[in-house]
J.: 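Following this message is one structure expressed as structure tokens.
The chains referred to below are lettered A, B, ... by the order of the sequence lines, with proteins before strands, and numbering in each begins at 1.
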2 protein chains.
Amino acid sequence: MDIDTLLCARFIIPVEPAGTVLHDHALAIDAGRIAAILPRSEALVRFRPRQCHELSAHALIPGLVNAHTHAAMTLFRGFADDRPLAEWLNEHIWPAERTWVNAAFVRDGARLAAAEMLLSGTTCFNDMYFFPDVTAEVALEAGIRATVGLIVIDFPSAWAGSIDEYFARGTAVHDRFRDASTVHTCFAPHAPYTVSDSTLLKIRTLAEELDIPITMHVHETAAEVTQALAGGGETPLRRLDRLGLLSPRLLAVHVTQAGEADTALLARHGVSVVHCPESNLKLASGLCPVQRLLDAGVNVALGTDGAASNNDLDMLGEMRTAALLGKAVAGDPTAVPAATALAMATLYGARALGLEERIGSLFPGKDADVVAVRLDGLHHQPLYDPLSQLVYTTSRTDVEHVWVGGRQVVEQRRTLYLDGDDLRARAGDWRDRIAGAAID
Amino acid sequence: MDIDTLLCARFIIPVEPAGTVLHDHALAIDAGRIAAILPRSEALVRFRPRQCHELSAHALIPGLVNAHTHAAMTLFRGFADDRPLAEWLNEHIWPAERTWVNAAFVRDGARLAAAEMLLSGTTCFNDMYFFPDVTAEVALEAGIRATVGLIVIDFPSAWAGSIDEYFARGTAVHDRFRDASTVHTCFAPHAPYTVSDSTLLKIRTLAEELDIPITMHVHETAAEVTQALAGGGETPLRRLDRLGLLSPRLLAVHVTQAGEADTALLARHGVSVVHCPESNLKLASGLCPVQRLLDAGVNVALGTDGAASNNDLDMLGEMRTAALLGKAVAGDPTAVPAATALAMATLYGARALGLEERIGSLFPGKDADVVAVRLDGLHHQPLYDPLSQLVYTTSRTDVEHVWVGGRQVVEQRRTLYLDGDDLRARAGDWRDRIAGAAID
């Protein structure tokens, strides 16, 4: 049988079934999809591939799904670290956004982010930022899959001057990319404290009409919850429940505050939580009770958040941090084991975005979003358990090749559709302008 | 003036004075020591170097000091992850150690560890393991600086059959390496619960006689403290105080349990704490209150612990985890800022080991333990603050060159005195034997 591509690898870690590691298997790709996964020797008999890769030092894993980021903010990476949260937002990030964010900023920032994500094995990201049309264009250009958030927030920005304009521009973006195979949209109301009840109700209705997810920062800090209680007498989660926003459509990002009642509420409504451990640590936001949520049946995905609060977009690192931190928070070294951390970074992210039928695991019929990771570094030796080594010792620089929908987008640690030198030069230009203005 | 080596770098981050970043400076090395740090243009006039490196994309930092590890245990990396602590120790690690640990195991494990540490910018490590003579030989061979722990523990091992033998073999190791310039020794009683009072008293006396430090796991878990209280009515720290072990000579490793009284005790006696954040997370041991200890004046160094509980020996990663976790534990995003995390990974480690006069910062007169780290990766862009970027986004693979005592030991990401292919093959052999036996 003729097929497009055959990837023969030392290991394949398909994520489904959970914990599986296949040795000396091959993954067949045809017409952008996974045609089969089978022993290498059988594959060589059965298929005549137009391209064949022998990956004898590698594990194939599903492309990582970064379920929450603000891609363009990569241009603010390291701009104002080690500051109190209010000062960081009010005196640095928000003023800088008011001054600098426009379509050109978002284009250069999203390109830099897309390159960094692809090079570290991320093949799909869920974005929340201004100018989602530009981010979508960049995703198509870079060959990375994306769900771009149609941002809605109760104050004007360079993207929209009023709530009506946020909706008008957002739905226009949705219409424009409706038929794109690798770009999707979701509603992205910023947070409970920046979006009114009436706006949230409208988002609920529209999201159902368009059949798209809703991403929102929820219970990021204890202060958010106590301030809401002081203001209106109900927690943000209970308010979202009252407004009918809690459903499998919702990605609740952060959720560092979740007692038993909250956990039950999230589980009952099938809400996905997006855990962003490094951002939560860096901003001292609080600690998400990941294992408790998982035990209650909540789907927990993983995100890096923006580079301004991380400071990278490295899902392999984020996966390791989630596995390590999850044990400490649970007080149990068996919590968030390696296979679970990998599922959070892949399948559970796909599920949160409503893309589980298409991506998130290496499974025949799914789109071929595949990452080849070297496991032969000195830091991997000795190699007792490839899955454990993948989570606990692998670095972004071990990612060698990446395919999205069967198309190779990273080859030998180089992005094929983005020019690293150009990205570096543009980032330097933005730095000079932004830092120069900050010094004045 | 003729000198051995001149390193011209885009940035020099000397650690002393704290927070300093020098632009376009040069570091002059002669006879193994730092002769001067000065603007590049002045250096090119003043010095005639036999070797000159132009490091236009790099930051020079002091070699990282890994203040606690068990180097040879690298051969158990990933051997038994995601297990409850007691099962991990009693059913996996300790039986494996009884079966496999001998001089050959320690030689191969320590070589693998030395290579991994050098390649990730560590130039000095403080080890606690059996066969410290072998680890010392490996350190000399690899060109890495080491303090090897003269281990003492109340049960027999392949290294020693009795307490008397532990002392006899340990002091013989001390005598043998007394005149080595880059290998030092310290006493390494394993933990309060595995070493008796009389043995600790003997260690105190001998450590003073030989003028060497003492390294010990102390308050690693809450269970250690509660069990000690149940057994003898005093916490391990109070017991060490009673025995006269608390002094600037002591490195108390882990200390996840330290209330106000403990913190005051550590500060009053000038004890150094060695924080091992990733091991503490992975084993769910507890969370060290780093900023509180620092605020009280305690010297807090940084260690990776062994690769079996980490699972790497990457001090850049450990530094980042310490900076992130320190904020969450303090509930304050300004806690453990970048400059402090870097000092913990360098100067404070040197201070803990009694080597502050020789290493830990880039300072004229100190030994030239220097690391050249690339800061031009896409993940570093844009570069607002080199010190922040070093801590929050740099990976081990950004380390390009390493010098120890003025001698280059890593060149373009390759160890000059250790053969990576040989290390890989030997690690594979141990894996086959150990995993094969585990399956039986």
J.: Looking at every heavy atom in both B:Leu375 and B:Ala59, which two are closest together, and how far apart are they?
T.: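 That closest heavy-atom pairing would be CD1-CB, 3.8 Å.
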J.: Answer with side chain, backbone, both or neither: which region of B:Asn310 has an atom nearer than 4.5 Å to a non-hydrogen atom of chain A?
T.: both
J.: Need one label for A:Arg426: side chain, backbone, both or neither, based on atoms under 4.5 Å from any heavy atom in chain B.
T.: neither
J.: Sub-4.5 Å heavy-atom contacts with chain B: which residues of residues 82-92 of chain A show up?
T.: A:Asp82, A:Arg83, A:Pro84, A:Leu85
J.: Using a 4.5 Å cut-off on heavy atoms from C-beta on, say whether the side chain of A:Ile434 contacts that of B:Tyr384.
T.: yes
J.: Evaluate the side-chain proximity of B:Phe125 to B:Leu64: yes if any heavy-atom separation is below 4.5 Å, no if none is.
T.: no
J.: Which bit of A:Thr394 comes within less than 4.5 Å of chain B, counting heavy atoms only: side chain, backbone, both or neither?
T.: backbone
J.: In Å, rounded to the nearest 0.5 Å, how long is the span from CD of A:Glu220 to OG of A:Ser285?
T.: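 Atom-to-atom, A:Glu220:CD and A:Ser285:OG are 4.5 Å apart.
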J.: Would B:Arg107 and B:Val138 count as a side-chain contact (heavy atoms from CB on, under 4.5 Å) if you check the C-alpha gap in whole Å, the side-chain angles of each, and the deciding distance to 0.1 Å?
T.: CA-CA 7 Å; B:Arg107 190 172 307 279; B:Val138 168; 4.0 Å; yes
J.: Name the residue from A:Asp305, A:Thr69, A:Asn311 that meets the side-chain hydrogen bond (donor to acceptor under 3.5 Å, both in side chains) definition with A:Ser279.
T.: A:Asp305
J.: If you measure from CD on A:Glu224 to OG1 on A:Thr226, what distance do you get to the nearest 0.5 Å?
T.: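 Those atoms lie 9.0 Å apart.
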J.: Between B:Thr334, B:Val329, B:Asp432, B:Asp376, who has the most heavy-atom pairs with chain A when the cutoff is under 4.5 Å?
T.: B:Thr334
J.: Heavy-atom pairs under 4.5 Å with chain A are the metric here; pick the option from B:Ser120, B:Ala80, B:Gly331, B:Ala328 that has the most.
T.: B:Ala328
J.: Count the heavy-atom pairs under 4.5 Å between each of A:Leu383, A:Asp385, A:Asp332 and chain B, then report the option with the highest count.
T.: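 That would be A:Leu383.
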J.: Counting heavy-atom pairs under 4.5 Å to chain B, which of A:Leu287, A:Leu325, A:Leu283, A:Asp81 comes out on top?
T.: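 Option with the top pair count is A:Asp81.
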J.: Does B:Cys288 reach the side chain of B:His275, with side-chain heavy atoms less than 4.5 Å apart?
T.: yes
J.: Between A:Gln389 and chain B, which part of the residue has a heavy atom less than 4.5 Å away: side chain, backbone, both or neither?
T.: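 For A:Gln389, the side chain is the part near chain B, not the backbone.
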J.: I'd like to know which of B:Thr397, B:Val391, B:Val336 tops the heavy-atom pair count under 4.5 Å against chain A.
T.: B:Thr397
J.: Return the CZ to OG distance between A:Arg10 and A:Ser56, rounded to the nearest 0.5 Å.
T.: 8.5 Å
J.: Within the structure provided, determine whether B:Asp312 and B:Arg396 are in side-chain contact (heavy-atom separation under 4.5 Å).
T.: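 They are in contact (side-chain heavy atoms under 4.5 Å apart), so the answer is yes.
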J.: I need the residue from B:Gly377, B:Ala307, B:Ser388 with the largest number of non-hydrogen atom pairs under 4.5 Å to chain A.
T.: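 Of the options given, most contacts go to B:Ser388.
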J.: So what's closer than 4.5 Å to chain B heavy atoms on A:Leu119: side chain, backbone, both or neither?
T.: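 The side chain, not the backbone.
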J.: Does the separation of the ring centres of B:His58 and B:Phe11 fall below 6.0 angstrom?
T.: no
J.: Can you tell me how far apart NE2 (A:His380) and OG (A:Ser395) are? Round to the nearest 0.5 Å.
T.: 7.0 Å
J.: What are the two closest heavy atoms between B:His70 and B:Gly306, and how far apart are they?
T.: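 Heavy-atom minimum between the residues: CD2-N, 3.6 Å.
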J.: Would you say B:Asn66 and B:Thr304 are linked by a side-chain donor-acceptor pair, where the criterion is simply a distance under 3.5 Å?
T.: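 Judged by distance alone, the side chains do pair up.
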J.: Less than 4.5 Å apart, side chain to side chain, heavy atoms only: is that true for B:Val373 and B:Leu390?
T.: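 The answer is yes, as the side chains (C-beta and beyond) meet within the 4.5 Å cut-off.
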J.: Please output the residues of residues 71-78 of chain B in contact with chain A, using a heavy-atom cutoff of under 4.5 Å, in numerical order.
T.: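 Within residues 71-78 of chain B, near chain A: B:Thr74, B:Leu75, B:Phe76, B:Arg77, B:Gly78.
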J.: About how many Å separate CG of B:Asp429 and CZ of B:Arg424, when rounded to the nearest 0.5 Å?
T.: 13.5 Å
J.: So which of A:Asn280, A:Leu281, A:Leu423 has the biggest tally of heavy-atom pairs under 4.5 Å with chain B?
T.: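 Most heavy-atom pairs within the cutoff with chain B belong to A:Leu281.
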J.: Taking the side chain as every heavy atom from C-beta outward, state whether B:Ile144 and B:Val409 have any atom pair closer than 4.5 Å.
T.: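 Side-chain contact under 4.5 Å: no.
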J.: If you compare all heavy atoms of A:Asp421 against all heavy atoms of A:Asp419, which two are closest, and at what distance to 0.1 Å?
T.: N-OD1, 3.0 Å
J.: Distance only, no hydrogens: is a donor on one side chain within 3.5 Å (strictly under) of an acceptor on the other, for A:His379 and A:Asp398?
T.: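 Per modelled atom types, A:His379 and A:Asp398 side chains form a pair under 3.5 Å.
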J.: Do you know the tightest heavy-atom contact between B:Ala284 and A:Lys327?
T.: CB-O, 3.5 Å
J.: Applying a criterion of heavy atom separation less than 4.5 Å, what residues of residues 314-324 of chain B form contacts with chain A?
T.: B:Arg320, B:Leu324
J.: Please find the pair of heavy atoms, one from B:Leu294 and one from B:Met344, that lie closest to each other, and give the distance.
T.: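 Looks like CD1-SD, 4.5 Å.
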J.: Just to be sure I understand the criterion: a residue of residues 109-116 of chain A counts if one of its heavy atoms is under 4.5 Å from a heavy atom of chain B. Which ones qualify?
T.: A:Leu112, A:Ala115, A:Glu116
J.: Work out which heavy atom in B:Gly326 is nearest to a heavy atom in B:Ala335; give both atom names and the distance.
T.: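 In terms of heavy atoms, the two residues are closest at O-CB, 3.8 Å.
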